[in-house]
Amino acid sequence: MSRPETLDLFVSCPGGVEALLEAELRAIVPKVHTEALRGGVALNKAPPEAVLAINLESRLAQRVLVELIEGGYRHEDDLYAMALKIDWTRWITPRETIKIDTTAHRSPLKSLNFATLRIKDAICDQLREEFGERPSVDTHDPDFPVVLHLGEERAALYVDTSGQPLFKRGWRLDKGDAPLKETLAAAMLAAAGWRGTPETGGALHDPCCGSGTIPIEAAQIACGIAPGINRRFAFERQLPFAPLQNRWSEMKREAQARVHPPAVPIFASDVAFRMVDFSRRNAERAGVAEYIQFNGGDALERPAPALPENMPGTLMMNPPYGERIEVRGKAAAFRDASGSEQRDADDEFFPRLASHWKRGYTTNEAGWTAWMLSPDMKLPNKMRLKESRRFPMWNGPIECRLFRFDLVKGSAREKRTEQA
């Protein structure tokens, strides 16, 4: 079949990341118009090659969706009629499997399951009429995932070209408690302006690395490794992209040729040696283990890594929060969604961490900058530090802030007095 000349896309992302994603997409597909919206970025009249490039290169996107149709609705029959307007034979045959996911915001419909069923009926009825048979449903790994979004008055149908969400890079098999998604780790690094060079953040250290998401994502950035290079995508099984198979192979070869050793050192440590082992194994699968220095140790005691002369350093961490977990060591923190159980641990842990930073991370001539993701809006007060910036971000359903602390000896007030 002939491929479409252009496509309208919606690239989804975690809340708070929209502006960062738009900047990233402008670099990946510079000639396509973009518009940041709630929960993602819309791209108008993008060439089909853009689907391939974004899936391969985007570190911040969750999914790359092709918008098929949008319009008003009042009940489920309107959705069935809307779906029948699409020529599904241009996308799939009865041999492919399908799955429909439905999201809603203030939809008047009483049953989202019934709305989902009506879209499936429309696809199957059309293909049965055309081919005499219908596709099967696969809820695990479908060839043709479809997304129905229901608003208060209007609905939209999309084809998901990613398949598995893009945070699944293919290397994280060993997981700890409450692992950070790769896309959020990449967003933290993007918000910090860290690009893996001496001029853009310098060295990186995660003293609470968990399963290694932040340092591994950082190492792949520093090495120029495309985030989607080692995984498969749904578009590889969808008819409109079949004519682009040669171009897809070429894009992957070009991405592989760009890989290079990092220009900055990357450090990762954790109080739990089990997590350090997890991190190392994940890094091996990601192809960056030789570029990350892993250590065990307490975040409250581990000294600052030695850096090359005049190189700045970036501390990037996602301390424990959410459900309560048990960890070993003096830096043990407690996770509690209400905050009631973690208050005592926080009151001790975070001030001690700030004091340790002031003692150990202010001797480097080029300086260290610390970034911390937390749902606690009063975290700077607990640390007795003044943040220089804060970025709103969502870690799944948890509203957070990414705080920046510029590390100086003594208090910020003392520093201003000395400068005066």
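Numbers here simply count residues along the sequence, with the first being 1.
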For Gln126 and Thr89: C-alpha separation, side-chain torsions, deciding distance, then whether side chain to side chain contact (heavy atoms under 4.5 Å, CB included) applies. CA-CA 8 Å; Gln126 187 185 107; Thr89 65; 4.2 Å; yes

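- Contact check for Ile98 versus Cys124: side-chain heavy atoms found under the 4.5 Å cut-off.
- Under 4.0 Å is where a charged nitrogen must lie from a carboxylate oxygen, and between Arg258 and Glu57 at least one such pair does.
- Taking the side chain as every heavy atom from C-beta outward, Asn395 and Leu184 approach each other to under 4.5 Å.
- Between Ala42 and Leu37, the shortest heavy-atom distance links the atoms CB-CD1, 3.8 Å.
- No side-chain donor from either of Thr183 and Arg59 sits under 3.5 Å from a side-chain acceptor of the other.
- A perpendicular orientation is assigned to the rings of His205 and Trp368, their planes being inclined by more than 60° (bins at 30° and 60°).
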Yes or no on ring pair (Phe, Tyr, Trp, His ring centres under 6.0 Å) for Phe235 and Trp248, after CA distance, side-chain angles and deciding distance? CA-CA 10 Å; Phe235 72 76; Trp248 176 232; 5.0 Å; yes

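- Here the closest non-hydrogen pair linking Gly72 and Met82 is O-CE, 3.9 Å.
- Contact annotation: the side chain of Arg231 approaches that of Leu166 to within less than 4.5 Å [non-hydrogen atoms, C-beta and beyond].
- Between Cys13 and Gln62, the shortest heavy-atom distance links the atoms CA-CG, 3.7 Å.
- Between Glu236 and Arg232 a salt bridge is recorded (basic side-chain N to carboxylate O distance below 4.0 Å).
- Side chains of Ile229 and Val259 form no contact here, defined as non-hydrogen atoms less than 4.5 Å apart.
- Looking only at atom types and distance, the side chain of Thr116 has a donor-acceptor partner in the side chain of Thr102 under 3.5 Å away.
- Counted by atom type alone, Glu152 and Ser107 present zero donor-acceptor pairs between their side chains at under 3.5 Å.
- We find that Asp138 and Lys99 are not joined by a salt bridge, their nearest charged nitrogen and carboxylate oxygen being 4.0 Å or further apart.
- By the 4.5 Å heavy-atom criterion applied to side chains, Asp101 and Leu148 are not counted as neighbours.
- Between Phe241 and Phe233 the shortest side-chain heavy-atom distance does not fall below 4.5 Å.
- Side-chain N or O atoms of His356 include one that pairs as donor or acceptor with a backbone N or O of Leu300 at under 3.5 Å.
- At a cut-off of 3.5 Å, with distance as the only test, no side-chain donor of Ser279 or Asp270 sits close to an acceptor on the other residue.
- Salt-bridge check for Arg281 with Asp277: passed, with a basic side-chain N closer than 4.0 Å to an acidic carboxylate O.
- Considering only heavy atoms from C-beta on, Trp171 comes within 4.5 Å of Ile216 through its side chain.
- Tested against Leu157 for a side-chain contact (heavy atoms from CB on, under 4.5 Å), the candidates Ile100, Val147, Ile69 yield a single pass: Ile69.
- Between Arg237 and Glu96 there is no salt bridge, since no side-chain N of the basic residue sits under 4.0 Å from a carboxylate O of the acidic one.
- A 4.5 Å side-chain heavy-atom check between Glu399 and Pro375 finds every atom pair outside the cut-off.
- Counting heavy atoms of neighbouring residues, nucleotides and ligands inside a 6.0 Å radius, atom CD of Glu70 exceeds 12 of them.
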Would Leu150 and Leu109 count as a side chain to side chain contact (heavy atoms under 4.5 Å, CB included) here? Give the steps. CA-CA 9 Å; Leu150 300 173; Leu109 300 183; 3.9 Å; yes

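- No donor-acceptor distance shorter than 3.5 angstrom exists from the side chain of Gln256 to the backbone of Ile225, with no hydrogens or angles considered.
- Residues Ala289 and Phe294 come closest through the heavy atom pair O-CE1, 4.5 Å.
- Within a 6.0 Å sphere centred on CG of Asp87, heavy atoms belonging to other residues, nucleotides or ligands number more than 12.
- Side chains of Ser12 and Arg63: a donor-acceptor N/O pair is absent below 3.5 angstrom, by distance only.
- A salt bridge is absent between Arg247 and Glu49: the closest approach of a Lys/Arg side-chain nitrogen to an acidic carboxylate oxygen does not fall below 4.0 angstrom.
- Judged by distance alone, the side chain of Asp8 and the main-chain N or O of Lys45 form a donor-acceptor pair under 3.5 Å.
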For Asn55 and Thr161, what are the C-alpha separation, side-chain angles and deciding distance, and is it a side chain to side chain donor-acceptor pair (under 3.5 Å)? CA-CA 8 Å; Asn55 275 296; Thr161 68; 3.1 Å; yes

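- Ring planes of Phe391 and Trp371: tilted class, angle from 30 to 60°.
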Decide yes or no on side chain to side chain contact (heavy atoms under 4.5 Å, CB included) for Val159 and Gln238, but give the supporting numbers first. CA-CA 10 Å; Val159 171; Gln238 295 169 358; 3.8 Å; yes

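- Side-chain atoms of Ser162 do not come within 3.5 Å of backbone N or O of Pro165 as any donor-acceptor pair.
- Counting only N and O atoms by type, the side chains of Asp406 and Ser388 include a donor and acceptor under 3.5 Å apart.
- Judged by distance alone, with hydrogens and angles left aside, the side-chain atoms of Thr213 form a donor-acceptor pair with the main-chain N or O of Leu180 at under 3.5 Å.
- Asn113 and Ser111 form no side-chain donor-acceptor contact under 3.5 Å, judged by distance and modelled atom types alone.
- Between Phe144 and Trp88, the ring planes are perpendicular. Angles over 60° get that label, and only those under 30° would be called parallel.
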Please determine whether side chain to side chain contact (heavy atoms under 4.5 Å, CB included) holds for the pair Arg352 and Met383, giving the CA-CA distance in whole Å, both sets of side-chain angles, and the decisive distance to 0.1 Å. CA-CA 8 Å; Arg352 290 179 61 192; Met383 300 191 71; over 6 Å; no

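- The heavy-atom pair separating Leu189 from Ile214 by the smallest distance is CD1-O, 4.2 Å.
- With salt bridges taken as basic N to acidic carboxylate O contacts below 4.0 Å, one links Asp77 and Arg118.
- In this structure, Leu307 and Pro265 approach most closely via the heavy-atom pair CD2-CG, 4.3 Å.
- The structure places CE of Met393 at 7.0 Å from CG of Leu373, a figure rounded to the nearest 0.5 Å.
- Salt bridge status for Lys181 with Glu217: absent, with no side-chain N to carboxylate O gap under 4.0 Å.
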